[in-house]
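Just follow the structure's listing: the first ligand is 1, and inside any ligand the first atom is 1. Because the structure is predicted, anything quoted here is derived from the model rather than measured.
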Amino acid sequence: MKFKAPRGMRDYYPDAMAARNWIMERWHRVSLRNGFEEYDGPIMEELDLFRVKSGEGIVSELFHFADRGGREMAIRPEMTPTLARMVAARANALRKPIKWYSVPRLCRAERPQRGRLREFFQWNIDILGEDDILADAECIFVAIDFFRDIGLTPEQVVMKISSRSVLAAILRINGFAEERLEAVYATLDKRDKLAPEEFSKLIETLGVPEPQEQLLLKLGEAKGPEGITMLGEMVGQDPEGNQEVDNLERLFDLLGDMGVGPYCLFDMGVVRGLAYYTGPVFEAFGKGGLQRAICGGGRYGELLKTVGGPPMSGVGFGSSDVVIADLLKEFNLLPDLSPVTAVFVIDADPRNPTLFKRVLSITAELRRRNITASYSYRRQGIGKQFKQANDRNARRVIIVEEATLTDNTVSVKDMGTGVQQPLALEAVLDDPFQPLEPA
Ligand code: HAM
């Protein structure tokens, strides 16, 4: 019987692992330079944590099971409820603002497709305990800081920003009942995933009067600075609505001051599927062939309260390795990650066992000095050993020869330039990459 990796889940052969590590190193680097501290939580949580907090979209995608004690558990499909639970438990003791990041492995029972798998790593950035829109701007800045770090330009990626609180104000002004909002958000979130006729049909299923239907269709089209002006007109004199529109304008001003304006676009079509968002929401998309969101987040005002914590609001986002890797491939941004052997040690005469003993001791000494060093496991001719050094991308080759036994010298060859020079072994161990003089 043959087995393969479960549907929508990946094996990481070394080349795939190198790409995953490359992305993750940048997640860590960008998080740390923006002042975030790393945290983690358990791989599973009680099912109810997600049932209550994330909303229907995610709950239908949960891998869940009863543990031996009959408790309903779920493998984490996202990190935010765990974060809220952890912060709520120590809310008073934690220094504010709380700036935390995490890189959890998540599982969602989605239909696997390009950019969406059943198991993935998701970089999470969150700021809690700061209500000012500056925290929202900071989070968006961090996402874009990462995009820039991996070489994505505003021509290749766009951060679409919207606001659930502006949307809520407009819906309230137009007579939508508070309890209908979640259903309306879930419907509007499907706009970009459906053809226009299908979307209109979905709007009809909400069962709202014709003018309200028209409003929902029109709202989804508001884009760019003119879109924000249009929202300003829609809220009219409503004080709360005005406040929310001002906030949105300030967010764009701050992003401009931070120098990431060219990546950002106001787009009321972004609503987000998760139930807990209450303020600005944002989602980034590649501008090439990949249609899926590469990052998504927003402000959640009530989440901590619903897990028994204080009324502390937070803002953050998640972005996965799957979509980032697709984008890197699409725009040819992933560098050559083939493994590099810094030094390959060769014996000049495979018939002389004493030389091989020196190969082993020199290799061990290089490794002790934290230099990646290798040698051939087979005693074979020097040509074959050089070929192996080449296959391993060796930068330098050290040739152990008769002179090594008599006066402790070795020949060193630079595999890039082809220059070879005899040198004292001690000097080579101290600096294997010293400049070589052509003979
Ligand atoms: P989300 O929109 O469900 O939000 O996911 C955020 C990002 O995770 C997506 O934009 C996508 O890059 C990636 N992602 C989601 N599902 C999959 C999948 N099946 N395969 C590959 N990648 C996927 C959240 O998860 C929120 N908890 C984010 C957040 C953090 N909000 C505030 N803080």
Side-chain angles (χ1 to χ4, degrees), residues 6-10 20 23 27 31 36 39 41 45 49-50 53-63 75-87 98-128 135-136 138-140 142-143 146-147 152 157-160 162 164 185-186 189-190 192-193 270-286 290-304 313-328:
R7 185 169 137 82
M9 300 190 174
R10 289 166 290 178
R20 172 176 136 190
I23 294 171
W27 281 345
S31 305
F36 288 76
Y39 71 99
E45 293 274 6
L49 182 68
F50 302 114
K53 315 310 162 209
S54 305
E56 270 316 302
I58 279 223
V59 170
S60 61
E61 292 168 355
L62 279 177
F63 284 106
I75 301 178
R76 58 188 178 187
E78 61 155 337
M79 198 62 185
T80 316
T82 300
L83 169 69
R85 179 179 67 64
M86 286 170 63
V87 171
I98 298 160
K99 292 178 68 174
W100 284 5
Y101 85 97
S102 190
V103 183
R105 188 190 277 259
L106 306 179
C107 285
R108 295 186 189 178
E110 293 206 45
R111 186 172 60 80
Q113 54 196 294
R114 186 157 177 233
R116 289 290 178 271
L117 294 177
R118 291 189 157 189
E119 184 189 40
F120 56 100
F121 291 88
Q122 191 195 54
W123 177 41
N124 278 254
I125 280 284
D126 285 270
I127 302 179
L128 294 102
D136 306 59
E138 271 260 283
C139 287
I140 294 172
V142 177
F146 171 73
F147 296 155
L152 289 167
V157 67
V158 57
M159 179 64 84
K160 294 185 177 177
S162 175
R164 271 204 187 170
Y185 295 156
D189 182 56
K190 304 222 167 66
D192 281 348
K193 296 164 195 138
V270 170
V271 187
R272 309 270 300 125
L274 292 160
Y276 47 66
Y277 294 117
T278 51
V281 283
F282 48 92
E283 238 166 5
F285 294 87
L290 183 68
Q291 296 297 319
R292 308 305 309 239
I294 53 177
C295 146
R299 181 169 285 274
Y300 41 95
E302 308 292 324
L303 188 58
L304 256 79
S313 101
V315 51
F317 68 83
S319 175
S320 85
D321 64 320
V322 184
V323 267
I324 294 298
D326 280 354
L327 218 58
L328 288 168

Kindly give the heavy-atom pair with the smallest separation between [X] and [Y], and that separation in Å.
| X | Y | value |
| --- | --- | --- |
| Val270 | Val281 | O-CG2, 3.7 Å |
| Ser319 | Trp27 | O-CZ2, 3.6 Å |
| Ile125 | Cys139 | CG2-SG, 4.1 Å |

State plainly whether the residues Asp136 and Arg299 are in salt-bridge range, i.e. N to O under 4.0 Å.
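Looking at Arg299 together with Asp136, the answer is yes, because their closest N to O distance falls below 4.0 Å.
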In terms of side-chain geometry, is the basic nitrogen of Arg10 or Glu119 positioned less than 4.0 Å from the acidic oxygen of its partner?
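Judged by the 4.0 Å cut-off on N to carboxylate O distance, Arg10 and Glu119 do not form a salt bridge.
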Do any N/O atoms on Arg272 end up under 3.5 angstrom from N/O atoms on ligand 1?
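Arg272 vs ligand 1: N/O contact under 3.5 Å present.
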Is any N or O atom of Gly298, backbone or side chain, closer than 3.5 Å to an N or O atom of ligand 1?
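N/O-N/O distance under 3.5 Å: no.
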Under 4.0 Å from any heavy atom of [X], which atoms of ligand 1 are there?
| X | result |
| --- | --- |
| Glu110 | 16 (N), 17 (C), 18 (C), 19 (N) |
| Tyr300 | 32 (C) |
| Gln122 | 5 (O), 6 (C), 7 (C), 8 (O), 24 (C), 25 (O) |
| Tyr276 | 26 (C), 27 (N) |
| Ala293 | 10 (O), 11 (C), 12 (O) |
| Asp126 | 30 (C), 32 (C), 33 (N) |
| Ile294 | 10 (O), 12 (O) |
| Thr80 | 26 (C), 27 (N), 29 (C), 30 (C), 31 (N), 32 (C), 33 (N) |

Any donor-acceptor N or O pair under 3.5 Å, side chains Tyr300, Asp126:
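Their side chains do contain a donor-acceptor pair, which is all the 3.5 Å distance test asks for.
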Assess, by modelled atom type and distance only, whether the side chains of Tyr277 and Arg272 contain a donor and an acceptor separated by less than 3.5 Å.
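Yes.
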With a 4.0 Å heavy-atom cut-off (strictly under), which part of Tyr277 contacts ligand 1: side chain, backbone, both or neither?
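For Tyr277, only side-chain atoms sit under 4.0 Å from ligand 1.
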Where's the contact between Glu78 and ligand 1, heavy-atom distance under 4.0 Å: side chain, backbone, both or neither?
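Near ligand 1, Glu78 shows its side chain, while the N, CA, C and O stay back.
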Suppose we screen for side-chain hydrogen bond (donor to acceptor under 3.5 Å, both in side chains). Which residues come up paired with Thr82, at least two apart in sequence or across chains?
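So Thr82 forms a side-chain hydrogen bond (donor to acceptor under 3.5 Å, both in side chains) with Glu45.
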Just to verify, what does Trp123 make a side-chain hydrogen bond (donor to acceptor under 3.5 Å, both in side chains) with, not counting sequence neighbours?
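Ser31.
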May I ask whether Pro77 has any heavy atom positioned less than 4.0 angstrom from an atom of ligand 1?
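Heavy atoms of Pro77 never come under 4.0 Å of ligand 1.
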Taking the side chain as every heavy atom from C-beta outward, state whether Arg292 and Asp326 have any pair of such atoms under 4.5 Å apart.
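Not touching, per the 4.5 Å side-chain cut-off.
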Looking at non-hydrogen atoms alone, which of Leu117, Leu128, Leu274 comes nearest to atom 24 (C) of ligand 1?
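Checking each option, the heavy atom nearest atom 24 (C) of ligand 1 is found in Leu274.
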Candidate with minimal heavy-atom separation from atom 10 (O) of ligand 1, of Pro112, Cys295, Ser102, Pro81:
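Result: the heavy atom closest to atom 10 (O) of ligand 1 is in Cys295.
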